[in-house]
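First the structure, in the form of structure tokens, and then the observations on it.
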Amino acid sequence: MPQILKQYNLKHLNTFGIEAYCDNYAEIHSFEEFKQLMATKEYTTSKKLILGGGSNLLFVSDFKGLVIRNCLKGISLVKAYDDEILVKAAAGENWHGFVMWCIQQGYAGLENLSLIPGCVGASPMQNIGAYGVEIKDVFEELEACHMSTGELRVFSKNECHFGYRESVFKREFKEVYFITSVTFRLSKLEKLNTSYGAISLELEKMGVKKAGIKDVSEAVIHIRQSKLPDPKQMGNAGSFFKNPEVSAEQYAALKARYPELVAYALENGNFKLAAGWLIEQCGLKGLEMNGAAVHDKQALVLVNKGKCSGKDIYELSEHVLNVVNDVFGVRLEREVNIIG
Ligand code: FAD
Ligand code: EPU
């Protein structure tokens, strides 16, 4: 039976390092423990939050409910084909640890997603992505438990409705399903994705002539370490906002006014704008308000300079949203999950 702790401080369990208390806190190490927890009055009578690595959420107040820390562990091979392999990871496995394990086995597909913080179970939530790859590209299926009925269900890729930093679990099934494991379809061949310019440049800098998956992973790790603040040094949750999508007309109008605009053409004819560029052009890079700041190297990242509250970060994000909207007429959307 999992132990239930009262008035638990979550400061060390969120990468913003925000002090927030929850009424009840429990860790689950097996599905049986989750079932036992489901039968408790703390579970049945209050709202619940599944917590992975706490790297994509912001507590704006104490959490009046039960926080369930997912500690389900285990990696297994489901099926091997000539060139491909299905690998299943339990939701509480550390994401980067899992990526490193796959690289060690020679399984290709996840190397561009090296060093993303958090757990495997949260990866489908927002279809994590970086350096030209999203998990939808290697996703096979996931298993999830209905949080009211306890029923287990398998979701295929189509059923997850993956999009840019989107899935069904961030929308209609938010707080409805607990993802317990994810299965990935990886390649036994050294199929590389170095389409993202920065990777090829970094491989060149590293002096790599014929790259393998380990080299790509190392290149990605170098790039990330040079750009993104380490949460251990300065609290943050990666990109706070999504890169906004605008129509071709809006893009053309903005480009005429701002020839330096950074944007990428999408297959649907729309354009994705670099939100970091928009924020920087508004003169907000480095702005500090009550200990919350726009990171001075990457404007898309908001940071806790030490002792700010979740509300301080939220208010700064509101300010950024308003200024960018006033200047460019573009409404940014938060990527980080706001809790409280
Ligand atoms: P948490 O923050 O614990 O949870 C996030 C949300 O998912 C919450 O709403 C939670 O309730 C829900 N959730 C968590 N686990 C489950 C589960 N098992 N079942 C159901 N719901 C669940 N993201 C990217 O996509 N690309 C990046 O390049 C990237 N870089 C980052 C860099 C830094 C420095 C940081 C701090 C974050 C970065 N992120 C990035 C964001 C973050 O790492 C990912 O979103 C990650 O998948 C979050 O995992 P987590 O376990 O920490 O989730
Ligand atoms: N830029 C600026 N100023 C800034 C930041 C960025 O002008 O302060 C411009 C630069 O021109 C740069 C462009 O924006 O070329 C894009 O910047 P970067 O390559 O750093 O990527 P990003 O769009 O800011 C996205 C993801 C990251 C992911 C990287 C690499 C989103 C919201 N963010 O960032 O994901 O790691 O690309 O693929 O899509 C996350 O989701 O938490 C995250 C870190």
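Just so it is clear, the model here is predicted, and its values are computed rather than measured. Start at 1 and go down the list; that is how both ligands and their atoms are numbered. Residues take their numbers from the sequence shown, with the count starting at 1. Note: hydrogens, waters and symmetry copies are ignored here, and every other heavy atom, side chains too, is used.
The option from Arg224, Glu335, Gln298, Glu280 that lies nearest to atom 24 (O) of ligand 2, judged by heavy atoms, is Gln298.
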Practice item. Take Lys48 and Glu175 through the test salt bridge (Lys or Arg N to Asp or Glu O under 4.0 Å) and record every step on the way to the result. Key: CA-CA 8 Å; Lys48 292 158 282 289; Glu175 280 141 38; over 6 Å; no

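Where the criterion is an N or O separation shorter than 3.5 Å, residue side chain and backbone included, Asn243 meets it with respect to ligand 2. Looking at Gln126 next to ligand 2, no N or O pair under 3.5 Å apart turns up. The N/O atoms of Tyr264, backbone and side chain alike, include none that comes under 3.5 Å of an N/O atom in ligand 2.
With sequence neighbours left out, the side chain to side chain donor-acceptor pair (under 3.5 Å) criterion links Glu159 to Ser156.
For the residue pair His222 / Glu202, a side-chain donor-acceptor distance below 3.5 Å is found, with atom types taken as modelled. For the residue pair Asn268 and Glu245, a side-chain donor N or O sits within less than 3.5 Å of a side-chain acceptor on the partner. Residues Glu166 and Asn127 have side chains that never bring a donor and an acceptor to within less than 3.5 angstrom of each other.
For the pair Lys214 and Glu218, the salt-bridge criterion is met [side-chain N within less than 4.0 Å of a carboxylate O]. Contact check on Lys35 versus Glu32 returns no salt bridge, with no Lys/Arg side-chain nitrogen under 4.0 Å from an Asp/Glu carboxylate oxygen.
Per-atom contact check: atom 27 (C) of ligand 2 touches the protein, criterion being a heavy-atom distance below 4.0 Å. Of the protein's heavy atoms, none falls inside 4.0 Å of atom 12 (C) of ligand 2.
Listed by chain and number, residues touching ligand 1 at under 4.0 Å (heavy atoms only) are Thr15, Leu49, Ile50, Leu51, Gly52, Gly53, Gly54, Ser55, Asn56, Leu57, Asn70, Ile116, Pro117, Gly118, Cys119, Gly121, Ala122, Met125, Gln126, Ile128, Gly129, Ala130, Arg165, Lys174, Tyr177, Phe178, Ile179, Arg224, Pro229, Pro231, Asn236, Ala237, Gly238, Asn337.
Close to ligand 2: Phe241, with a non-hydrogen atom less than 4.0 angstrom away.
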